[in-house]
Amino acid sequence: MPQSWRADTKPHKFCPGCGHGLVLKCLGQAIDELGIQGKTVFGCDIGCSLLSWDFFNLDSVQTHHGRTTPVVTGIKRARPELICIAYMGDGGGYSIGVQHLISAAARDEKITAILANNTQYAMTGGQMAPTTMPGQKTETTPYGRDPETTGFPLHGQEMVASVSREEAYVARGSIANLRQLKSFIKKALENQMKEIGFSFVEALSACPTNWRTNAAETWDFIEEKMPVYFKVGETRKNE
Amino acid sequence: MPQSWRADTKPHKFCPGCGHGLVLKCLGQAIDELGIQGKTVFGCDIGCSLLSWDFFNLDSVQTHHGRTTPVVTGIKRARPELICIAYMGDGGGYSIGVQHLISAAARDEKITAILANNTQYAMTGGQMAPTTMPGQKTETTPYGRDPETTGFPLHGQEMVASVSREEAYVARGSIANLRQLKSFIKKALENQMKEIGFSFVEALSACPTNWRTNAAETWDFIEEKMPVYFKVGETRKNE
Amino acid sequence: MTMEFQPRTQELEKGYFTLFPGLCKGCGLCIEKCPKKSLGWSDVLGVYGTPSVRANSDCIACGICRDVCPDCAIHIEKKVKH
Amino acid sequence: MTMEFQPRTQELEKGYFTLFPGLCKGCGLCIEKCPKKSLGWSDVLGVYGTPSVRANSDCIACGICRDVCPDCAIHIEKKVKH
Amino acid sequence: MSKKIVEQEKRAFMTGNEVVAWAALAAKADIMYGYPITPQNEIMHYWTRMAPKYEKSFLQTEDELSAGFTTIGGVMAGRKAFTATAGPGNTLMQEPMSMAEMMRLPTVVVVQQRGGPSTATVIYSQQEVTMTSIGGNGEGMRIVYSTSSHQELYDYTIKAFNTAWKYRFPTFVLGDGYQAKMRESLTLYDPEARGIELIPPEAYVGKEGVPGKDRPPAHFRNTYNMEEELYELVMDALQDYEKISPDVAEYHSAGIEDAELVIVGHGIVYRAIKAAVEAMREKGLRVGYFRPVTLRPLPVPQIKELMASNKQILLMESSYGQLARLFKDVAYGSSTKINTFFKPGMGITAEEVEAAAREILK
Amino acid sequence: MSKKIVEQEKRAFMTGNEVVAWAALAAKADIMYGYPITPQNEIMHYWTRMAPKYEKSFLQTEDELSAGFTTIGGVMAGRKAFTATAGPGNTLMQEPMSMAEMMRLPTVVVVQQRGGPSTATVIYSQQEVTMTSIGGNGEGMRIVYSTSSHQELYDYTIKAFNTAWKYRFPTFVLGDGYQAKMRESLTLYDPEARGIELIPPEAYVGKEGVPGKDRPPAHFRNTYNMEEELYELVMDALQDYEKISPDVAEYHSAGIEDAELVIVGHGIVYRAIKAAVEAMREKGLRVGYFRPVTLRPLPVPQIKELMASNKQILLMESSYGQLARLFKDVAYGSSTKINTFFKPGMGITAEEVEAAAREILK
Amino acid sequence: MNKTTKIVLAGEGGQGVQSVAEIIAEAANEEGKQALYIPNFGVEQRGGVSVAYVQISDGDIGAPKFQTGDIVVALSDRAVRRTVNYAGPGTTFVYESGIEGIESELPQKAGRILPIPAIDVAKNEFHPRVFNIIIMGAVIGATGVIPLERAKAAVEKKLGYKFEKQPKLRDLNFKAMERGVELVAEA
Amino acid sequence: MNKTTKIVLAGEGGQGVQSVAEIIAEAANEEGKQALYIPNFGVEQRGGVSVAYVQISDGDIGAPKFQTGDIVVALSDRAVRRTVNYAGPGTTFVYESGIEGIESELPQKAGRILPIPAIDVAKNEFHPRVFNIIIMGAVIGATGVIPLERAKAAVEKKLGYKFEKQPKLRDLNFKAMERGVELVAEA
Ligand SMILES: Cc1ncc(C[n+]2csc(CCOP(=O)(O)OP(=O)(O)O)c2C)c(N)n1
Ligand SMILES: Cc1ncc(C[n+]2csc(CCOP(=O)(O)OP(=O)(O)O)c2C)c(N)n1
Ligand code: SF4
Ligand code: SF4
Ligand code: SF4
Ligand code: SF4
């Protein structure tokens, strides 16, 4: 268990097999390796990410649905010496809060935003998200998502990259490759530590509860289905 | 004067030399040429665009700041046979309402959004907008926009293109080339008429009042300064 | 609906230059764009009480001023050559 | 703060496989990922009252199960070769 | 579209959210716009399942601002459009609803109240009374039905569309998380078969004919340049609102005539009050209840009459004085003491009602 | 940071928006977050001009939701942070302020009311009283100062930061478009030179030491899993709120003792009332006035006393009963008639006050 | 006045208390009674104790939640702790007797306390999966508000599609339900 | 009671009524009086009549707007129409005499109606640009609430930086102001 995890709130509140735990494990390891536990502030969204409100041995604030980016931006602007992390789901980041994410990227806010993409709204019981895949059944696309009426999955990482500066760090990782995901998150945090600019990591994540998948199906969804629409890699890496 | 303009509300309420008049002239001509006055609905935003609430001989609705896209989307979803236009400024479209614009593009709403980019918030007296150019003085960047603290100008048209389908029509025109601007708007409307998909035109526009420019300076700003940051052309044209 | 604005038409060599002072706000955009520098301020006041625009005989009736006027205050008719 | 979870350690040929039933939610992600198919359900119940995980002797202590566990319920120690 | 939703009356056992979806279909709603939020989600879930079968439409928007403004668009296009929300979503909904209020748009919004302030709980409260009734930067020109059972949820959701389109004020059905999530019995019916005329919608924009040729264009706005213009407009609307209020206001009461104590409450709390009052009556206590069904407008003459009758009053709500404030605004002038029992964000049981009542009666 | 903003007291003639910017500097505010909206824009304009000189920060956000939530971030980081808004911007501000209310965050928001509902006018009103005082999905645990002059705008903007940080409830300075845009004289001063202690802010997050090693981590949330948890929390906060209310509440009154008629009003309308009362007094009419400075919490004992004194009451406001509703909530129980004069979205002049008063007195 | 029977069912996520509650309430509805069922719910999709509230009456039902149940059923240690407050002098408190070391935490003031070995019975006599059907039987037995046949019909309605494929399942379920009735009768 | 002098100034966008109002109010403030100035404002940045409200008093000033002015100055036909309602029996209504065909629309009940040829005077005697300074003089003359010297000082404060460069301008402006005072005295 990473040093920066708060052991006495474990087991955490995520469901069995939830990808949030893995994304936050990578984040915890990155924080440990960078030795920034003493100056990092963690913000989480409404969505299952809220279940991490007491997850870390970090000062933390759980905000409103989609509003973690501005809260964390507000903290960073007021105290630029802090390392500020905004953690959110795809609903919070790409739907209700997309104006905040885009504007933070466009203004080159010196924060790190991490977004767990589990292709639907998990906390509310599995509705369509901008990331839901064509044909995927959710509670609001009971007959499968029809791109003709609801569009294709949003390429959020690419969108964020399109409004970011060259110096920004923008990447998409996956819990299918944890070493890489951790390295992306670490680079994102370094971008902030070096005051280079905005950083953003989308993490392909899993929600076995709403996907109604067993372990094998869960891995299949993450490893085989999601990459069809969501390309893993670094889009802006300031090298 | 285009047929589709409403003559008895002219002279319109825009300032002398305002670019909104020119953008709406192109729009009026496009509507005339396409012969769609009888089935077109026009929505305008809060921002100087609201001054066009009784501009056209079209059924029109003036909405809230940034909310024209959802109002017009709501109309289109309820009455797909109507040609629906959302007209807004860069503040309404790229700042407070950017989630709506992006989401409409991502869902491939069959509407036409037209955005007048005058590099600042005009109606409220000239504050910084996402489009304000580096060094440009506005009421909230009194010492000139500093990209280090407020970011570089948002490439809104490119961002919209990045979340749109191939079939969408996404372009940037300028009042410096009215013939081209009209043709872009016409193609955008045709994309809607043919039910192909979302369409969007950003129009580089002028605000002599807040720019505090005389006629010569106004033209210079549009023709020389703006194109440095905002490239004119068609990004998605479905050909 | 019909336009009820009073036109002021100048007959010039190459065409007719019509200005509607009731529409002209005196922004000067047209003056800047005239390729012949044939436009200037007139004594006739526009809708905001500022000078409106008139053409001189250099006008070639190209219509650029008409195109760039945000208020549709200019109408140009080219004389047909016989 | 210290971890207060009761570890259950299996000594195997290549290493020590430790599971914390108080952390294991029985999701099965680790079982799927074991390259040796050496993991399976145990009679010991995990935190949600569902079976937790145990290894068999095929375990090579590669640590993949530890890495993929979202709850950090597995600890692996490789035996050092002499 | 002629397919009948409910062929004949039938008893059903379902959740309140499912009831709302059925009621909207029965009211011939055309389109729902919405954004997920607990505890209203299942309204959308049922609607999306049933909509295609009845040629109805659905749009999941990017947030509640968009849900509200697209609903406005649907209404202006001349369709029966509605949305549903709760808690922080309802807070956001105030922006579009302030526009609907100004422009007199017959939007229908179903609110399933959850705990507040802020995200709070996804469960239950009556803490959205103030906001739903008089929220936004306006004067509360809205109509709010507070339901207490699945039957009412059905009846008033149907009615809300009629009220909205008849009077052209934004109309709300105010439920709560308990009503949303619990299952109980009700009778589904086709309103027209019961002789309830369904008021047809009408287009604001996109009307017949070419504007400027065949007819003047329809131009709608919510912005005015001068205080005087705005003042006239708002006063006109307020006068309309006050004129229709007696027609719109509804209430239930029982046992008031000979009561020593009248218990006042709305929505689901009224159920506990009713049960407790019946229990106390059986035990010979002289108690009654008064329950406003419409929170905006309140049944003014009836409240005034009640408060003039010099009985003890006990007002109970799952919020901290939100009903009380609206009630006192009407009741002002009476010197009858209003005892209150406020339990923000928590349910009130019949046992609690009885205990509180006995405390006063003793 | 040690640079003194106002070296010595000085008389100034400026707009209300400029006054607010100076007051925020004098109160040692650290950072402003904001989004443009008329009539508050010039607060931002002046702040952005002055901020760099005093090492203060400014962030122009993408909308008012962001302005509110970044302000929350600034406050949680332990800085004196504030924002300013109006009208539809204030409607949006209710979302972040509901979070501030729940989490007891000392945000400071300056509201310059404009006409409503909806976009309406950019000019003036008192139509944001309800929303500012009791908006959002909460219970109105907020502190609202309604100012009436530039001097008060200065005094209470300074005070708002102290109040917010002392009591940890979101605090509002409620001005209006007239106050924002008009110019009048006032005296600028350094509060500390006048012996006003400025309460220092304190960090919620980003505190000293490594969390989990040197100290427990600071974990803040606004979401709860059970009704019971929420209920306790909200009741605790409400009790705190009620406990501090007597300390916080402020009012002005004059001529009440021998008055036949007392005129009640707040904010800029109070100026007209005061002028009219003085004029009528000169003419020998027995009139007085009562003006709450804090709209939340209201000065409860004083209102109760006033209403028990059996005088005629005339309540006047540039809205349709928003103050009246809050006032009656407190005054309930009195049988004194409250005459009202409502002019939503329009100014009220001293002449109108006098005419309305004479109507009652005759 | 109509007597309303109030039931609280509580257990761990996988124990199926919500479906038991729903089927009981539906059976009562079919029986022509008023029935009201409400689950607890919160932000977490998994984890936490699952609680169901059911009321059955001949007349109108008041608030959906209540302070004291007529029957309170708790199936895990956490469930016992969560529900002790619902037990009053008129309450029959049923709990799974397999829970270890819970005795001291049982409600003091409950009218009757009935330990039932439902887990064991399910495992040994039937199949672990019918555990919740045994509980349903226990509730039906303890309350007597709906006839067993009606409850079976409700189960049939819910699981009929499964029974079609595997007719043996029907028998298994019905037997389990009967056994549940017995368990409370015995206890 | 303190007498408050109430002034309304109205004109077209370019006519400079707002700066006249502001300078007068500032001069009054410098004079140690209470002064309040408020412009009208709306959604349009240009177009529409520009109206300024000024009040000057020895004591507190009430509402920023008022129903009847002591001096109402209207500089265009639209301005006359916009301000007629501010004229009562005690009002001096000053208007630009160059406006054509406005006579019938002048306020009936105004105490005094003063047409002044400010446009002509500006154009012929000074320079069109000092038109608003003439108006300022007229207001000062008509109200008498601030000494001419104080008004000059206020203008100096506002335009001093221009006068530095072109000292002749100072003289031009001050003369224009004096002429404005004369105009109302003559009228
Ligand atoms: C303003 C507002 N609208 C809606 C909600 C309801 N809500 C809570 S979580 C959520 C979706 C979360 O989805 P996502 O952000 O993808 O995170 P996940 O749960 O999938 O991890 C929604 C819609 C809310 N809390 N606030
Ligand atoms: C919710 C809300 N916030 C702020 C405003 C104030 N406002 C009105 S127009 C405007 C800016 C308009 O700028 P833009 O959209 O670029 O249009 P322009 O005026 O430049 O044409 C703003 C901020 C508002 N009306 N509503
Ligand atoms: S619902 Fe999905 S995203 Fe949420 S905690 Fe469970 S598995 Fe994770
Ligand atoms: S302020 Fe600028 S954008 Fe607005 S009408 Fe005037 S010139 Fe046009
Ligand atoms: S462009 Fe049009 S409005 Fe502008 S000066 Fe020329 S004619 Fe007048
Ligand atoms: S991955 Fe972890 S929680 Fe899941 S079964 Fe394996 S050990 Fe248990």
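Within every chain, numbering begins at 1; the chains are lettered A, B, ... in the order of the sequence lines, protein sequences first and strands thereafter.
In terms of heavy-atom proximity, E/Ile348 sits nearest to G/Ala63 at O-CB, 3.3 Å.
Listed by first and then second residue, the ring-ring contact (aromatic ring centres under 6.0 Å, His included) pairs that reach into residues 113-172 of chain G come to none, sequence neighbours excluded.
Every side chain to side chain contact (heavy atoms under 4.5 Å, CB included) that E/Ala259 has, sequence neighbours left out, goes to E/Val262, E/Arg281. Residues passing the side chain to side chain contact (heavy atoms under 4.5 Å, CB included) test with G/Glu22, sequence neighbours excluded: E/Arg183, G/Glu26, G/Tyr37, G/Lys158.
Atom CD of E/Glu184 and atom CG of G/Asn29 lie 10.0 Å apart (nearest 0.5 Å).
Only the side chain of E/Lys274 comes within contact range of chain G, judged by heavy atoms closer than 4.5 Å. Contacts between E/Arg114 and chain G at a heavy-atom distance below 4.5 Å are absent for every atom of the residue. Contact of E/Ile273 with chain G is not made at all, since no heavy-atom distance falls under 4.5 Å. Both the backbone and the side chain of E/Ser185 come within less than 4.5 Å of a heavy atom of chain G.
Taking E/Tyr124, E/Tyr270, E/Phe13 one by one and counting their heavy-atom pairs under 4.5 Å with chain G, the maximum is reached by E/Phe13.
G/Glu186 CD: more than 12 foreign heavy atoms inside a 6.0 Å radius. Within a 6.0 Å sphere centred on CZ of G/Arg129, heavy atoms belonging to other residues, nucleotides or ligands number 12 at most.
Looking at heavy atoms from C-beta onward, G/Ile61 lies out of side-chain contact with E/Met182 at the 4.5 angstrom threshold.
Proximity to chain G at a heavy-atom threshold of 4.5 Å picks out E/Glu352 from residues 352-361 of chain E, in numerical order.
Applying side-chain contact (heavy atoms from CB on, under 4.5 Å) to G/Val43 and the options E/Thr121, E/Ile123, E/Val122 leaves one that passes, E/Val122.
In this structure, G/Lys65 fails the cation-pi test against E/Tyr178, since its NZ or CZ atom is not both closer than 6.0 Å to the six-membered ring centre and inside 45 degrees of the ring normal.
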